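Predicted, not measured: the structure shown is a model, and the values here were computed from it. When a ligand or atom number is given, it counts from 1 through the structure's own listing order.
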Amino acid sequence: MSGYQQTSQNLYWWQRGVVYQIYPRSFKDTTGNGTGDLQGVIDKLDYLNDGSTELTTSVTPDSLGVDAIWLSPFHPSPMADFGYDVADYCDVDPLFGDLATFDWLVAEAHRRGIKIIIDYVPNHTSDQHPWFIESRRSQDNPKRNWYIWRDPTPLPSSPRKRGEPEGGPPNNWGSFFGGPAWTLDEATGQYYLHQFVKEQPELNWRNPEVRQAMMDVLRFWLERDVDGFRMDVVGLLIKDAELRDNPPNPDADPNLSPNDLFGRQLHIYNQDQDEVHEIIRDFRRLLDEYGDRCGIGEVWFELPRWIKYYGEKGEGLHLPFNFRLMRQPWQAQAMRRSVDELEAALPAFAWPNYVLGSHDFPRLASRLGGQAQARVAAMMLLTLRGTPTLYYGDELGIENGVIPPEKIQDPQGINLGTERTRDVCRTPMQWDSSPNAGFSTAEPWLPVSDDYATRNVAVQSADPTSILNLYRRLLWYRRQSPALYGGSYQPLDVDDDCFVYLRQAGDERRLIVLNFIGQARQVSIPGEEGSRVAISTHLDREGEESLSKLELRPHEGVIIELM
Ligand code: GLC
């Protein structure tokens with residue numbers, strides 16, 4: 001049995017709550033320039049959680065009821081990677097507003113009981129950050145050692161002939177976005193490291209001055225009352241001290257784009273070095289100084305390495321993001337295995353979490369192959385043991401956007417092939433049926449999806465069985481159910497095509513039955529007399545009783561209250 005009894009009392013907000021990711025460029029534009037902004041987030045806070053404390057279970061609530069929002073970066077940035085190239089960690093890009101708007105957002109969110117988590121991008125800055133501008137001035141600049149500079153590796157054909165370059169990159173590492181991870185700075189004759197685009201030079205976290213400066217960045221935002229940070233590629237901060245070559249990956253996909261050096265290597269030396277945990281402990285100590293704050297990390301390594309990011313005794317991240325379910329095929333037993341492996345591996349101090357969508361992956365509804373599956377996924381995400389993170393628009397079942405090649409913005413799509421573009425999951429939020437889906441009065445920075453006139457917040461709010469209303473019901477139901485937000489998890493062997501688990505806190509028992517296939521299933525459930533359906537993903541059989549033989553329609557999930 002992989003579950004352990006967890007008291008549902010005394011949970012922290014980041015354990016009990018639901019996180020909602022906002023990609024600010026795409027949420028709501030209030031200035032009429034086609035790009036979303038922080039005022040847009042403020043204007044839509046009531047949609048996310050209007051602060052009403054009414055724990056309604058029978059009526060469809062008007063607001064989604066999320067507990068925290070995570071904002072992707074809004075700092076000054078040349079936008080080479082849409083804000084993940086930060087030119088000033090302690091300000092707001094004028095495109096999104098200013099610090100006063102940010103403070104107002106924090107205040108307005110807190111007034112509604114919503115926590116604010118911001119993105120912290122510690123691995124790299126923009127090449128326009130003053131630190132890098134200094135650093136690249138000369139080899140003896142005091143900021144030179146703030147980044148990772150190396151001499152060229154002499155080419156084998158030395159002595160070189162006239163016109164030949166002096167040397168090649170310092171090692172064989174590839175960039176996630178294609179090509180080598182090194183760019184030569186002609187003026188100073190050395191290469192600098194960047195595992196994303198060349199406009200994202202990597203900070204040298206082995207330098208204590210960098211650590212100090214980057215800890216000050218955290219302090220700056222903690223003082224402004226943010227409740228937590230989502231730490232971008234935090235496992236990359238420390239690289240091998242000798243920067244050794246990565247070995248080739250024998251299982252690399254033969255169809256990789258020719259410039260995808262990254263995909264052809266095993267990532268042994270460029271990431272996940274043991275010394276990174278010292279830094280993470282420093283982050284944690286700082287967060288703890290400020291009380292009830294939360295450190296979330298973007299960490300995608302295999303389970304045994306990933307788990308270390310919680311710390312040996314819980315002195316690491318509160319929540320290293322768990323992306324594992326996103327990598328499973330849409331099969332009941334595959335999902336169950338992934339959850340059970342996690343449950344079995346987690347030490348008692350470590351709190352689980354699940355992510356099904358983000359600004360880096362194709363849309364959930366498209367990945368799973370349909371709206372019915374997306375509804376089952378919503379029920380799974382919001383009923384597993386641990387903190388769920390929702391991605392904006394998934395509550396509407398938004399599908400991958402269709403981006404004409406000339407409109408592709410994402411460097412990953414530009415460098416590695418149109419099919420790799422992350423623009424598909426960054427299309428504007430669909431608020432209503434007016435032009436541009438109510439997102440903006442101007443042409444949006446990415447095209448609005450064609451289905452916006454029928455798939456939007458206004459239309460779905462009026463439809464009692466829409467996926468939006470399913471999300472609302474699930475969130476509000478979860479909020480008042482100790483079994484769901486804090487209880488134990490126990491999987492049950494019932495039917496290979498169904499993922500079935502019991503959540504329990506004290507006497508409260510909730511059985512979740514998720515049918516993963518496009519055919520009806522009949523399952524026997526272990527309830528005594530009086531058990532009833534609380535929610536079906538179809539939103540049409542609430543209160544149904546006599547469940548000893550439970551009929552599930554194709555792609556249907558149900559939450560059952562066991563008596
Ligand atoms: C993370 C972000 C991604 C970004 C990359 C570089 O993976 O989620 O959007 O491109 O880091 O910062």
Side-chain angles (χ1 to χ4, degrees), residues 19-27 36 70-89 93 117-129 132 147-148 173-179 181 183 192-203 205 214 217 228-237 239 260 262-263 267 270-272 276 295-301 306 309 317 319-323 326-327 353 355-363 389-392 408-416 420-427 445-446:
V19 178
Y20 182 93
Q21 181 189 356
I22 290 180
Y23 196 67
R25 295 183 74 84
S26 301
F27 200 58
W70 150 32
L71 297 161
S72 281
F74 48 78
H75 308 301
S77 164
M79 305 288 169
D81 188 18
F82 295 98
Y84 285 94
D85 48 323
V86 177
D88 180 353
Y89 287 105
D93 194 291
I117 298 166
I118 68 169
D119 227 301
Y120 173 62
V121 188
N123 180 61
H124 41 268
T125 68
S126 158
D127 64 346
Q128 299 307 308
H129 194 293
F132 189 70
Y147 292 83
I148 301 176
W173 298 355
S175 153
F176 285 78
F177 294 155
T183 288
Y192 66 88
L193 178 69
H194 57 84
Q195 299 190 67
F196 296 91
V197 288
K198 68 177 190 331
E199 292 84 0
Q200 290 167 301
E202 302 209 2
L203 284 163
W205 276 83
M214 289 302 290
V217 169
F229 299 93
R230 175 270 187 188
M231 301 181 177
D232 191 64
V233 290
V234 72
L236 257 60
L237 297 189
K239 347 302 172 186
D260 193 348
F262 182 87
H267 307 120
N270 61 310
Q271 61 180 19
D272 191 30
V276 76
I296 300 178
E298 188 200 10
V299 186
W300 57 73
F301 310 127
W306 173 86
Y309 286 78
L317 296 170
L319 302 173
F321 262 151
N322 171 24
F323 301 112
M326 298 175 75
R327 304 193 188 280
N353 77 93
V355 180
L356 285 183
S358 88
H359 65 295
D360 290 331
F361 293 88
R363 278 283 178 187
T389 299
L390 312 181
Y391 182 52
Y392 89 92
I408 289 186
Q409 311 269 344
D410 176 26
Q412 181 168 288
I414 292 170
N415 299 337
L416 291 177
R420 294 280 302 273
T421 188
R422 297 170 297 175
D423 295 328
V424 296
C425 64
R426 299 174 178 180
T427 57
W445 76 284
L446 280 176

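From the protein, the heavy atom lying nearest to atom 10 (O) of ligand 1 is D81 OD2, 2.5 Å. Nearest protein neighbour of atom 2 (C) of ligand 1, counting heavy atoms only, is D232 OD1, 3.1 Å. Regarding atom 5 (C) of ligand 1, its nearest protein heavy-atom neighbour is F196 CE2, 3.7 Å.
The pair D93-R25 fails the salt-bridge criterion, with no side-chain N (NZ, NE, NH1 or NH2) lying under 4.0 Å from an Asp/Glu carboxylate O.
For the pair R230 and ligand 1, a heavy-atom separation below 4.0 Å is found.
Checked against the 6.0 Å centroid threshold, Y89 and H129 count as a close aromatic pair. Checked against the 6.0 Å centroid threshold, F361 and Y391 do not count as a close aromatic pair. The aromatic ring centroids of Y23 and F82 lie 6.0 Å or more from each other.
Of all the heavy atoms of Q412, none lies under 4.0 Å from any atom of ligand 1, so neither backbone nor side chain is involved. At a heavy-atom distance under 4.0 Å, no atom of Q195 approaches ligand 1. No part of F321 comes within 4.0 Å of ligand 1, judged by heavy-atom distances.
Residues S77 and Y84 have side chains that never bring a donor and an acceptor to within less than 3.5 angstrom of each other.
Residue contact check: V233 has heavy atoms under 4.0 Å from atoms 1 (C), 7 (O), 11 (O) of ligand 1. The ligand atoms of ligand 1 that sit less than 4.0 angstrom from a heavy atom of R422 are 3 (C), 4 (C), 9 (O), 10 (O). Listed by number with element, the atoms of ligand 1 under 4.0 angstrom from any heavy atom of F177 are 10 (O).
Using cut-offs of 30° and 60° for the angle between ring planes, the F176 and F196 rings count as parallel.
Here the CZ-CG distance, from F177 to L416, works out to 8.5 Å after rounding to the nearest 0.5 Å.
For the residues E298, H194, H359, H124, the heavy atom positioned nearest atom 7 (O) of ligand 1 is part of E298. Looking at L236, D85, D360 and measuring to atom 8 (O) of ligand 1, the nearest heavy atom belongs to D360.
Panel note: side chain H124, backbone L193; no donor-acceptor pair is recorded below 3.5 Å.
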